[in-house]
S.K.: 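Sharing a structure below in C-alpha cells format, with a few things to ask.
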Amino acid sequence: MSVAAIPATSATSASPATPAIPATPQWRAQLKLEFTPVAGRTALTSYEQEGPLRVQQLFYPTAQRPSAANAATAPNSVAEAHCYVLHPPGGMVGGDALYQHMRAAKGAQVVVTTPAAGKFYRSHSTQIQQVTLSVADHSALMYLPQETIFFASCQAKLRQEVEVAPTAIFMGADICCFGRIGRGEDFSSGWVQSTLRLSRQGQPLLSEILRVGNGFDPRAWTTLHGASCHGVLYVVPTVEQESLMAELTAKLQELRLPESRGSADAARACLYGSTYRRGVLTVRYLGDSVEQARALINEALALLYPALLGRPWQAPRIWQT
C-alpha cells in the first residue's frame, strides 16, 4: 500500500454556495475537497478545512487498472484513492453542524469513508449534517461512511445532495442504527430526518426522505416495521452502462446474507433486496444487525465493482480495525 501526503491545511472563508458557519460555542465544521488525477493516480488537489473535521492522508490499496474487457465502459484508468474523513469529537451534540463538500474532477476515482461510526447523542437542540457531492465526467466517487448511530433523544437533521455527470459513476452507502439495542436502549424518544437527492445535469434521478421519531406527525412516520437498523447502497452508473443494470440487479437479488452473530433479537428475520429504476440501483436492508447490513453492502460492491469499474472491490483497511 502506498500513501500520499495532502496539501497543507488552510482555513479559508466559505464560498457563496457554502452555508455560513456562525461563531457559536457549539462545534461546527466544514470540509471542502477536490480530487483530481495526477501522474496516474487520484490526488487531493484542493483542501479547505474549518473546525473539527479533517483528512490526514490518502491511501492507495491497489494500483490495479481496469481490465481490457472492461476498459471501454470503465470511466478511466487512474489508480483509486481511499480517503478517510475524521471528526475528532467522535459524535454530535446539540447545536453541532457539519458541512462537507466534495468534488471528483474529470478522471478521478476515490472512495471516501470514515474511521469509525458516526454518533448523534441525546440533545435539546438540532444537530445538522450536510454532504454535497459532485462527480464530473469520466470520474467515480464512492461515498461509503461507516454506520451512523442515533442515540435516544437525539434531534438529527441530515441532508445529502449528489450531482452525477452522464459519464460518471457514483456509489453511496448509508447505514442507520436507531438506539443501541445491544445495551437495551431503543429509539423511543428523539427524531431523525434524513434527505437524499441524486441528480444528473440538474434533473432529479432520486429524491428520498426518511423520518423516524416523535418529532413528526405519526401518520408520516417511517416505522421501519419495528426494525432498528436500516441500510442502503445507491449506485448511479454511467449512461453507457445502463444496459448492464438489469442483469446486475437480478444477480443482486440472489445474494444471501450470513447468519447474524448478534443478540437473539438481532437474529430475527430481516428484509433486503435490490431495484433499478430511472438510472439508480438501490440495495436495501431492514433488520436489527449492523453486521448483516455491512455484509450486504460489501457483497453488492464485490459484484458491482468488476462490472462497472473493471477491477475487484477492495474494502478500506480501516473497516477491519
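Because the structure is a prediction, the values reported are computed rather than measured.
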S.K.: Let me see the working for Ser46 and Leu33 under side chain to side chain contact (heavy atoms under 4.5 Å, CB included), right down to the final yes or no.
M.R.: CA-CA 6 Å; Ser46 179; Leu33 309 176; over 6 Å; no

S.K.: Which residues pass the salt bridge (charged side-chain N to carboxylate O under 4.0 Å, His left out) test with Glu247, not counting sequence neighbours?
M.R.: Lys251

S.K.: Should Ile318 and Leu301 be regarded as members of a common hydrophobic cluster, given that ILVMFWY residues are connected when their side-chain heavy atoms come within less than 4.5 Å of each other, either directly or indirectly?
M.R.: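 Yes, Ile318 and Leu301 fall within the same hydrophobic cluster.
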
S.K.: Identify which one of Ser189, Ser188, Ser123 satisfies the side-chain hydrogen bond (donor to acceptor under 3.5 Å, both in side chains) criterion when paired with Ser153.
M.R.: Ser189

S.K.: Considering residues at least two apart in sequence or located in another chain, which fulfil the salt bridge (charged side-chain N to carboxylate O under 4.0 Å, His left out) criterion with Glu163?
M.R.: none

S.K.: Between Phe35 and Arg103, is there a cation-pi geometry (under 6.0 Å to ring centre, at most 45° from the normal)?
M.R.: no

S.K.: Are Asn298 and Trp319 close enough that some pair of their side-chain heavy atoms sits under 4.5 Å apart?
M.R.: yes

S.K.: I need the minimum non-hydrogen distance between Tyr121 and Cys154, along with the two atoms involved.
M.R.: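 That closest heavy-atom pairing would be O-CB, 3.3 Å.
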
S.K.: Can you name the nearest heavy-atom pair linking Pro306 to Leu303, along with the distance?
M.R.: CD-O, 3.6 Å

S.K.: Same hydrophobic cluster for Trp191 and Phe151, using side-chain heavy-atom links shorter than 4.5 Å among ILVMFWY?
M.R.: no

S.K.: Between Leu58 and Cys83, is the side chain to side chain contact (heavy atoms under 4.5 Å, CB included) condition met? List the steps.
M.R.: CA-CA 5 Å; Leu58 298 187; Cys83 174; 3.6 Å; yes

S.K.: Let me confirm one number: the OG1-NZ distance from Thr148 to Lys119, rounded to the nearest 0.5 Å.
M.R.: 10.0 Å

S.K.: Should the pair Arg256-Glu299 be classified as a salt bridge under the 4.0 Å nitrogen-to-oxygen rule?
M.R.: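 Not counted as a salt bridge, because no side-chain N and carboxylate O are separated by less than 4.0 Å.
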
S.K.: Is the shortest side-chain heavy-atom distance between Met142 and Phe170 below 4.5 Å?
M.R.: no

S.K.: With the side chain counted from C-beta on, respond yes when Ser274 and Gln253 share a heavy-atom pair under 4.5 Å apart, and no when they do not.
M.R.: yes

S.K.: Tyr305 and side-chain hydrogen bond (donor to acceptor under 3.5 Å, both in side chains): which single residue from Glu80, Arg311, Gln314 fits?
M.R.: Glu80

S.K.: Which atom names give the shortest non-hydrogen contact between Ala81 and Thr42, and what distance separates them?
M.R.: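 Taking Ala81 first and Thr42 second, the nearest heavy atoms are CB-O, 3.7 Å.
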
S.K.: Please confirm whether the backbone N or O of Lys106 pairs with a side-chain atom of Asp137, one donor and one acceptor, at under 3.5 Å?
M.R.: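 Pair absent, no side-chain N/O of Asp137 close to backbone of Lys106.
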
S.K.: If I take atom CZ from residue Phe120 and atom OG1 from residue Thr126, how far apart are they, to the nearest 0.5 angstrom?
M.R.: 11.0 Å

S.K.: Looking only at heavy atoms, which two atoms of Gly95 and Ser125 are closest? And how far apart?
M.R.: N-OG, 3.2 Å

S.K.: Are any of the side-chain heavy atoms of Gln146 and Arg294 separated by less than 4.5 Å?
M.R.: yes

S.K.: Is there side-chain contact between Leu248 and Leu308, with heavy atoms separated by less than 4.5 Å?
M.R.: yes

S.K.: Can you tell me if Gln193 uses its side chain to pair, donor with acceptor, with the backbone of Lys157 under 3.5 Å?
M.R.: no

S.K.: Determine yes or no for a side-chain-to-main-chain donor-acceptor pair under 3.5 angstrom, with Tyr47 supplying the side chain and Val55 the backbone.
M.R.: yes

S.K.: Is it the case that Thr275 and Thr282 place a side-chain donor and acceptor less than 3.5 Å from each other?
M.R.: yes

S.K.: Test side chain to side chain contact (heavy atoms under 4.5 Å, CB included) on Glu161 and Leu133 and set out the steps.
M.R.: CA-CA 6 Å; Glu161 297 186 359; Leu133 307 174; over 6 Å; no

S.K.: Going hydrophobic residue to hydrophobic residue with side-chain gaps under 4.5 angstrom, can you get from Val38 over to Val111?
M.R.: no

S.K.: Val236 and side-chain contact (heavy atoms from CB on, under 4.5 Å): which partner among Gln241, Arg200, Met171?
M.R.: Arg200

S.K.: Val283 vs Leu296, test: side chain to side chain contact (heavy atoms under 4.5 Å, CB included). Steps then yes/no.
M.R.: CA-CA 8 Å; Val283 182; Leu296 178 64; 3.8 Å; yes

S.K.: Mind checking whether Phe178 and Phe187 have parallel, tilted or perpendicular rings, split at 30° and 60°?
M.R.: perpendicular

S.K.: Any heavy-atom pair between the side chains of Lys32 and Glu50 that's under 4.5 Å?
M.R.: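 SC-SC contact between Glu50 and Lys32 ruled out.
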
S.K.: Between Gln56 and Tyr84, do the side chains contain an N or O donor and an N or O acceptor separated by less than 3.5 Å?
M.R.: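 No pair is found: no donor N or O on one side chain lies under 3.5 Å from an acceptor on the other.
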
S.K.: Consider only side-chain heavy atoms of I, L, V, M, F, W and Y, link residues closer than 4.5 Å, and tell whether Tyr276 and Ile297 are in one cluster.
M.R.: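 Yes, same cluster.
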
S.K.: Contact between Val290 and Ile149 at the side-chain level, heavy atoms closer than 4.5 Å - yes or no?
M.R.: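 Not in contact.
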
S.K.: CG/Leu210 to SG/Cys176 distance, rounded to the nearest 0.5 angstrom?
M.R.: 6.5 Å

S.K.: How many angstroms lie between CD in Gln160 and CD in Gln100, if you round to the nearest 0.5 Å?
M.R.: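 CD of Gln100 is found 9.0 Å from CD of Gln160.
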
S.K.: With rounding to the nearest 0.5 angstrom, report the CD to CD distance, Gln30 to Gln130.
M.R.: 11.0 Å

S.K.: Establish whether Val239 and Tyr234 are linked, either directly or via other cluster members, by ILVMFWY side-chain heavy-atom contacts under 4.5 Å.
M.R.: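 No.
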
S.K.: If you look at every heavy atom in Pro88 and Leu53, which pair is closest and at what distance?
M.R.: CD-N, 4.3 Å

S.K.: Arg278 and Pro204: which non-hydrogen atoms are nearest, and at how many Å?
M.R.: NH2-O, 3.6 Å

S.K.: When rounded to the nearest 0.5 angstrom, what is the spacing between CG in Leu206 and CG in Leu196?
M.R.: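 Between atom CG of Leu206 and atom CG of Leu196 there are 5.5 Å.
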
S.K.: For His138, is there any backbone N or O sitting under 3.5 Å from a side-chain donor or acceptor partner on Thr167?
M.R.: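 Present.
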
S.K.: Leu31 versus His101: any side-chain heavy-atom pair under 4.5 Å?
M.R.: no

S.K.: Does the pair Arg197/Glu208 count as a salt bridge with the N-to-O cut at 4.0 Å?
M.R.: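 No.
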
